[in-house]
Amino acid sequence: MKVVVVGASGTMGSLVCNQLGERGVQVVEAHRGNGVDAQTGAGLAAAVAGADVVVDCLNNITQSASKAKEFFGTAARNIAEAARAAGARVVCLSISNAADPAVNRRMGYYQGKAEQEAVYREILGDRVTFVRTTQWFELADTLSDRMSVGPLAVMPHMVTAPLAASDGAVVIADAVLGTAHQGKAVVEVRGPAQMDLIDVARASRKARGVSGAVIPIRFGGKALRDGSLIPDPADVVTPMTLQQWLAGR
Ligand SMILES: NC(=O)c1ccc[n+]([C@@H]2O[C@H](COP(=O)([O-])OP(=O)(O)OC[C@H]3O[C@@H](n4cnc5c(N)ncnc54)[C@H](OP(=O)(O)O)[C@@H]3O)[C@@H](O)[C@H]2O)c1
């Protein structure tokens, strides 16, 4: 079996490559660093030729709705057309409830993810599976490290049921290989406990010995704070707790 992972050098893409490699799959790693550009389409057809499955783990961080829709929509179109030409299925990593207009109204990035899902569905129909996860523990570090002012970190409240990205990679590999979730159009994945990502960031900074407070801000609308980010019901509740994730780093 040949699987192409687009976004292979990223946080989730690299974990998915490792998971699939450990399970004996021939993995093609695709990202701009090795000549595959999902936006322009450069190198895509050659990478996808002969593949059974293409996994989309792409990312482009922007809060501009127009830029997010342009990036995720164009890339999804290029990948879907390359996959269709090769006769391959697609497994696309997405975010739980991000396609819901009530959730993404004030989140340009989530509107981009909604566009990505819509384009794949339009071109591939039932040849695409979405693995939608809640926010990862890793995102708390990304947000608090990016938005720091001196020793202070500023980040939005996000009430979610976060998971370890490595647990998400197991679910994606299962969906790719059909060892679970076969025939499902959407696999909803959440972590074991509800919490605010602010508290994950504080615990993580303490464990890493990073000084300075984490200051919560209101951003992105009330859906980020009222539990709307958590899928109900979820198909998979991942096992790793925050304490285990902190201890394992
Ligand atoms: N963080 C969360 O909590 C969370 C939760 C649920 C779902 N997700 C979703 O998970 C996905 C992956 O996120 P991540 O944090 O793992 O991403 P990431 O670490 O930012 O990695 C992004 C990957 O995309 C590649 N890439 C970017 N532009 C490209 C292009 N034009 N052509 C080809 N490759 C390109 C990058 O490699 P190059 O720069 O070398 O091209 C890199 O391999 C995102 O779509 C995100 O929405 C995230």
Side-chain angles (χ1 to χ4, degrees), residues 6-7 10-13 38-39 55-80 90-125 128-140 142-144 146-147 154-163 165 168 171-172 175 184-191 194-198 200-201 216-236 238:
V6 187
T11 303
M12 185 57 89
Q39 270 280 287
V55 185
D56 182 341
C57 289
L58 276 176
N59 201 16
N60 182 315
I61 297 169
T62 173
Q63 274 307 334
S64 153
S66 58
K67 285 185 185 153
K69 286 183 192 171
E70 166 65 20
F71 174 80
F72 284 111
T74 303
R77 190 163 298 279
N78 288 337
I79 293 169
V90 168
V91 173
C92 174
L93 171 57
S94 199
I95 303 173
S96 296
N97 296 339
D100 180 350
V103 171
N104 71 29
R105 205 162 52 89
R106 291 168 186 266
M107 289 286 287
Y109 178 79
Y110 286 3
Q111 290 175 36
K113 296 296 289 182
E115 178 75 8
Q116 178 187 43
E117 291 197 13
V119 170
Y120 273 125
R121 233 180 246 113
E122 172 203 322
I123 298 175
L124 293 176
V128 58
T129 303
F130 298 102
V131 175
R132 291 179 179 159
T133 83
T134 51
Q135 290 62 39
W136 314 332
F137 295 132
E138 287 82 351
L139 182 64
T142 307
L143 293 177
S144 62
R146 180 172 305 132
M147 297 191 273
V154 177
M155 62 178 274
H157 283 291
M158 288 183 95
V159 174
T160 183
L163 65 144
V171 181
I172 293 169
K184 290 211 73 158
V186 177
V187 183
E188 295 282 1
V189 187
R190 56 159 286 176
Q194 177 173 322
M195 62 189 78
D196 192 325
L197 271 199
I198 293 281
V200 177
I217 54 167
R218 279 178 166 242
F219 174 83
K222 76 173 175 39
L224 268 59
R225 301 182 290 274
D226 70 4
S228 299
L229 294 173
I230 303 172
D232 183 20
D235 297 294
V236 181
T238 55

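Quantities reported herein were computed from a predicted structural model and do not represent experimental measurements.
With hydrogens and angles ignored, the 3.5 Å screen pairs a side-chain donor or acceptor of D196 with a backbone N or O of M158. For the pair T238 (side chain) and R190 (backbone), a donor-acceptor distance under 3.5 Å is present. A donor-acceptor distance shorter than 3.5 angstrom exists from the side chain of T134 to the backbone of A161, with no hydrogens or angles considered.
The minimum heavy-atom distance between K184 and D235, with the atom names listed, is NZ-OD1, 2.6 Å. Residues P233 and E188 share a closest heavy-atom pair of O-CB, 4.3 Å. Pairing each heavy atom of V119 with each of R77, the nearest pair is CG1-N, 3.6 Å. Annotation for A38 and L58: closest pair CB-CD1, 3.7 Å, computed over non-hydrogen atoms. Contact between Q194 and I230 at its shortest, heavy atoms only, is OE1-CD1, 3.6 Å. Here the shortest heavy-atom pairing between C57 and M12 reads SG-CG, 4.2 Å.
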### Query
Hey, mind stepping through T133 and L93 against side-chain contact (heavy atoms from CB on, under 4.5 Å) and telling me if it holds?
CA-CA 8 Å; T133 83; L93 171 57; 4.1 Å; yes
### Message
Could you go through V90 and Y120, starting from their C-alpha distance and side-chain angles, then the distance that decides it, and tell me whether this counts as side-chain contact (heavy atoms from CB on, under 4.5 Å)?
### Response
CA-CA 8 Å; V90 168; Y120 273 125; 3.8 Å; yes
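Once rounded to the nearest 0.5 Å, the distance linking CZ of F130 with CD of Q116 reads 7.5 Å. For the atom pair OG1 of T160 and CG of L197, the computed distance is 6.0 Å after rounding to the nearest 0.5 Å. From D100, atom CG reaches atom CD1 of I95 across 13.0 Å, with rounding to the nearest 0.5 Å. Between Y110 atom OH and F72 atom CZ the span is 11.0 Å, to the nearest 0.5 Å. Atoms CD1 and CD1, from I217 and I198 in turn, are 8.0 Å apart once rounded to the nearest 0.5 Å. The line from CD of Q63 to CD of Q111 is 9.5 Å long, rounded to the nearest 0.5 Å.
Using a 4.5 Å heavy-atom threshold, the side chains of Q135 and V200 count as separate. Within the 4.5 Å cutoff, side-chain heavy atoms of R146 are placed close to those of I61. By the 4.5 Å heavy-atom criterion applied to side chains, C92 and E117 are not counted as neighbours. You'll find the side chain of M147 reaches within 4.5 Å of the side chain of P156, heavy atoms only.
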When the side chains of residues 102-109 are checked against the rest of the protein, which donor-acceptor pairs come out under 3.5 Å, sequence neighbours left out?
unit_1 : atom_1 : unit_2 : atom_2 : d
N104   : ND2    : A98    : O      : 3.0
Y109   : OH     : N59    : OD1    : 2.5

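Shown here are the ring pair (Phe, Tyr, Trp, His ring centres under 6.0 Å) partners of F137, two or more places apart in sequence or in another chain: W245. Residues satisfying the salt bridge (Lys or Arg N to Asp or Glu O under 4.0 Å) test with D226, not counting sequence neighbours, are K222.
Between the side chains of E138 and T11, not a single donor N or O lies within less than 3.5 Å of an accepting N or O. For the 3.5 Å distance criterion, the side chains of N60 and Q39 fail to qualify, holding no donor opposite an acceptor.
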